[in-house]
Amino acid sequence: MNVTYYPGCSLEGTARDYADSIHGVCAALDIRLQEVPDWNCCGATAAHCIDHAASIGLPARNLKQAAQLPNSDMLVPCPMCFNRLRTAVWEQKEKGAQTDAELPQIWDLANFFAAEGMIRKLSAQVRKPLKGLNVVCYYGCMASRPPHITGATDYENPQSLDRIVAALGGTSVAWPYKTDCCGASLMISRPDMGYKLVGKLYDMAKRVGAQAIVVSCQMCQANLDMYQDKIEAEMSRLFRLPIIYFTELIGLAFGLPGTKGWLSRHFTDPLPLLRKGGLLD
């Protein structure tokens, strides 16, 4: 199966663990990732705040490049990139441009893996079911909102990560904060506010009995993982919650040899939890 792949900038830098786990899992599922030729930044970090034309032109160029490949599906692991690409499509449609015939279907990566056919493929390849692992799934905001841009129908209660965890044999615990903002854009300018937003997520995850938080966004992962010791100090509490990409969980359940290496790059070490549960040697 060939698919078009738009990695985005962060997966070539701070989120190499996410990128490597995506490549490892896709190889195991015989999904061949073909990168958008000569892709550029989607403008998610600043363009949409300072220059509207650039905020549309940057992702629009990526879509034009993607149209050069013959694939019907385009996978986008970064929810911010996904949102900007979908915004460019929406705006072009609003202006009457005809783009559907030229473009692949743009998928948020978690939604692609949670589609019915892919869930069956995931279940069929599970070698080490994640039995006994209780997690909460955290979706953040960008993959599903606003729904007229993303096309999400379950934006108040997304289910993609929950379905993937269940297919892998783990338990996704219900909680009320799965789409609350983690404040990623505030951590430099207003860390006091960012710490409160993330601390609230930790607190609820613990209260519902989660052992880890599962994510599909590299910005959310960094935000929840990187500052955990500082937030613990601020709140005078120990949470020690691993923040794990769903692709890493797939690698774990498949028994892929690279999984331990991906997980070992996190600030809050998930390896003791997984070893204690008999899920990792």
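Here, residue 1 is the first one in the sequence, and each next residue gets the next number. The structure presented is a predicted model; accordingly, all values stated were derived computationally and were not measured.
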(message) Is there a side chain to side chain contact (heavy atoms under 4.5 Å, CB included) between Tyr138 and Cys182? Walk through the geometry before answering.
(response) CA-CA 10 Å; Tyr138 179 65; Cys182 69; 3.2 Å; yes

(request) Would you check, one step at a time, whether the test salt bridge (charged side-chain N to carboxylate O under 4.0 Å, His left out) holds for Arg240 with Asp269? (result) CA-CA 8 Å; Arg240 297 292 189 269; Asp269 188 359; over 6 Å; no

(request) Run the numbers on Asp20 and Arg265 for salt bridge (charged side-chain N to carboxylate O under 4.0 Å, His left out), then give the verdict. (result) CA-CA 11 Å; Asp20 289 348; Arg265 301 178 196 173; 3.0 Å; yes

(request) Given side chain to side chain contact (heavy atoms under 4.5 Å, CB included), test Asp17 with Tyr245 step by step and report yes or no. (result) CA-CA 9 Å; Asp17 45 357; Tyr245 290 114; 3.8 Å; yes

(message) What verdict does the salt bridge (charged side-chain N to carboxylate O under 4.0 Å, His left out) test give for Arg145 and Glu156, after you've listed the backbone C-alpha separation in whole Å, the side-chain angles of each residue and the deciding distance to 0.1 Å?
(response) CA-CA 9 Å; Arg145 296 181 179 183; Glu156 294 288 359; 3.2 Å; yes

(request) Assess whether side chain to side chain contact (heavy atoms under 4.5 Å, CB included) is satisfied between Cys81 and Val76, documenting all intermediate values. (result) CA-CA 7 Å; Cys81 297; Val76 185; 3.7 Å; yes

(request) For Tyr18 and Leu109, run side chain to side chain contact (heavy atoms under 4.5 Å, CB included): C-alpha distance rounded to whole Å, both residues' side-chain angles, the deciding distance at 0.1 Å, then the answer. (result) CA-CA 12 Å; Tyr18 190 23; Leu109 190 69; 3.8 Å; yes

(request) Any chance you could lay out the side chain to side chain donor-acceptor pair (under 3.5 Å) test for Gln228 and His266, step after step, and finish with the verdict? (result) CA-CA 11 Å; Gln228 194 159 163; His266 295 201; over 6 Å; no

(request) Begin with the C-alpha distance, continue with both residues' side-chain angles, and end with the deciding distance and a verdict on salt bridge (charged side-chain N to carboxylate O under 4.0 Å, His left out) for Asp180 and Lys178. (result) CA-CA 6 Å; Asp180 281 32; Lys178 60 168 56 176; over 6 Å; no

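Scanning all heavy atoms of the two residues, the minimum distance from Leu241 to Ala205 falls at CD1-CB, 4.0 Å. Closest non-hydrogen pair, Pro7 versus Trp39, comes out as CG-CZ2, 3.5 Å. For Pro77 against Leu11, the heavy-atom pair with the smallest separation is CG-CD2, 3.5 Å. The minimum heavy-atom distance between Ile244 and Ala212, with the atom names listed, is CD1-CB, 4.0 Å. Of all non-hydrogen atoms in Phe113 and Cys26, the two that sit nearest each other are CZ-SG, 4.0 Å. Looking at every heavy atom in both residues, Leu103 comes nearest to Ala67 through CD2-CB, 4.3 Å.
One distance of note links CG of Leu280 with OG1 of Thr259; it measures 8.0 Å at 0.5 Å rounding. In this structure, the separation between CE on Met80 and CE on Met142 is 5.5 Å, given to the nearest 0.5 Å. To the nearest 0.5 Å, the span separating CG on Leu133 from CG on Leu249 amounts to 6.5 Å. Atoms CG and CG, from Asp192 and Leu186 in turn, are 8.5 Å apart once rounded to the nearest 0.5 Å. Here the CG atom belonging to Asp38 is positioned 8.5 Å from the CD atom belonging to Gln68, to the nearest 0.5 angstrom. The CD1 atom of Ile149 sits 8.5 Å away from atom CD of Glu91, with the distance rounded to the nearest 0.5 Å.
Annotation for Glu12: atom CD counts as buried by contact number, over 12 foreign heavy atoms lying within 6.0 Å. Atom NZ of Lys200 is surrounded by more than 12 heavy atoms from other residues, nucleotides or ligands within 6.0 Å. Met219 CE: 12 or fewer foreign heavy atoms inside a 6.0 Å radius.
Chaining together hydrophobic side chains whose heavy atoms lie under 4.5 Å apart leaves Leu69 on its own.
Put simply, the side chain of Ser72 does not reach to within 4.5 Å of the side chain of Pro104, judged on heavy atoms. A 4.5 Å side-chain heavy-atom check between Asp203 and Arg237 finds at least one atom pair inside the cut-off. Looking at Val136 and Val214, their side chains never come closer than 4.5 Å, going by heavy atoms from C-beta outward. At a threshold of 4.5 Å between non-hydrogen side-chain atoms, the residues Thr171 and Val135 do not count as touching. Taking the side chain as every heavy atom from C-beta outward, His23 and Thr247 never approach each other to under 4.5 Å. Counting only heavy atoms from C-beta outward, the side chains of Leu271 and Ser264 approach each other to under 4.5 Å. Using a 4.5 Å cut-off on side-chain heavy atoms (C-beta onward), Cys220 and Asn223 make no contact. By the 4.5 Å heavy-atom criterion applied to side chains, Leu122 and Leu29 are counted as neighbours.
A donor-acceptor pair under 3.5 Å is formed between the side chain of Gln65 and the backbone N or O of Pro37. Looking at Ser10, its side chain never comes within 3.5 Å of a backbone N or O of Ala15 through a donor-acceptor pair. With hydrogens and angles disregarded, no donor-acceptor distance shorter than 3.5 Å links the side chain of Gln211 to the backbone of Gly209. Listed for the Asn40 side chain is a donor-acceptor partner under 3.5 Å among the backbone atoms of Leu58. Panel note: side chain Arg127, backbone Gln125; a donor-acceptor pair is recorded below 3.5 Å.
A continuous path of hydrophobic side-chain contacts links Val208 to Tyr202 [ILVMFWY only; heavy atoms under 4.5 Å]. Neither Ile56 nor Ile50 shares a network with the other; the hydrophobic side chains, linked directly or stepwise wherever heavy atoms of I, L, V, M, F, W or Y lie under 4.5 Å apart, form separate groups for each. Cluster annotation: Ile213 and Leu197 are assigned to distinct hydrophobic clusters (Ile/Leu/Val/Met/Phe/Trp/Tyr, side-chain heavy-atom contacts under 4.5 Å, transitive). Ile243 and Met235 fall within the same hydrophobic cluster, defined by Ile, Leu, Val, Met, Phe, Trp and Tyr side-chain heavy atoms under 4.5 Å apart, directly or through other members. Clustering ILVMFWY residues whenever any of their side-chain heavy atoms sit less than 4.5 angstrom apart, transitively, puts Ile250 in the very cluster that holds Leu256.
Test Ile106, Thr87, Asn83 against Thr150 for side-chain contact (heavy atoms from CB on, under 4.5 Å) and you get one pass: Asn83. The side-chain contact (heavy atoms from CB on, under 4.5 Å) test with Tyr6 singles out one residue from Val36, Leu75, Leu63, and that residue is Val36.
Trp107 and Asp73 form a side-chain donor-acceptor contact under 3.5 Å, judged by distance and modelled atom types alone. Counted by atom type alone, Asp162 and Tyr139 present one or more donor-acceptor pairs between their side chains at under 3.5 Å. In summary, the side chains of Gln218 and Gln221 do not present any donor paired with an acceptor at a separation below 3.5 Å, with no hydrogens or angles considered.
Remark: Arg86 does not engage Asp108 in a salt bridge, criterion side-chain N to carboxylate O under 4.0 Å. Salt-bridge annotation for Lys260 and Glu248: absent, with no side-chain N of the basic residue lying under 4.0 Å from a carboxylate O of the acidic one.
Aromatic pair His148/Tyr155: centroids not less than 6.0 angstrom apart.
Ring geometry, Tyr227 versus Tyr195: the interplanar angle falls from 30° to 60°, so the pair is classed tilted.
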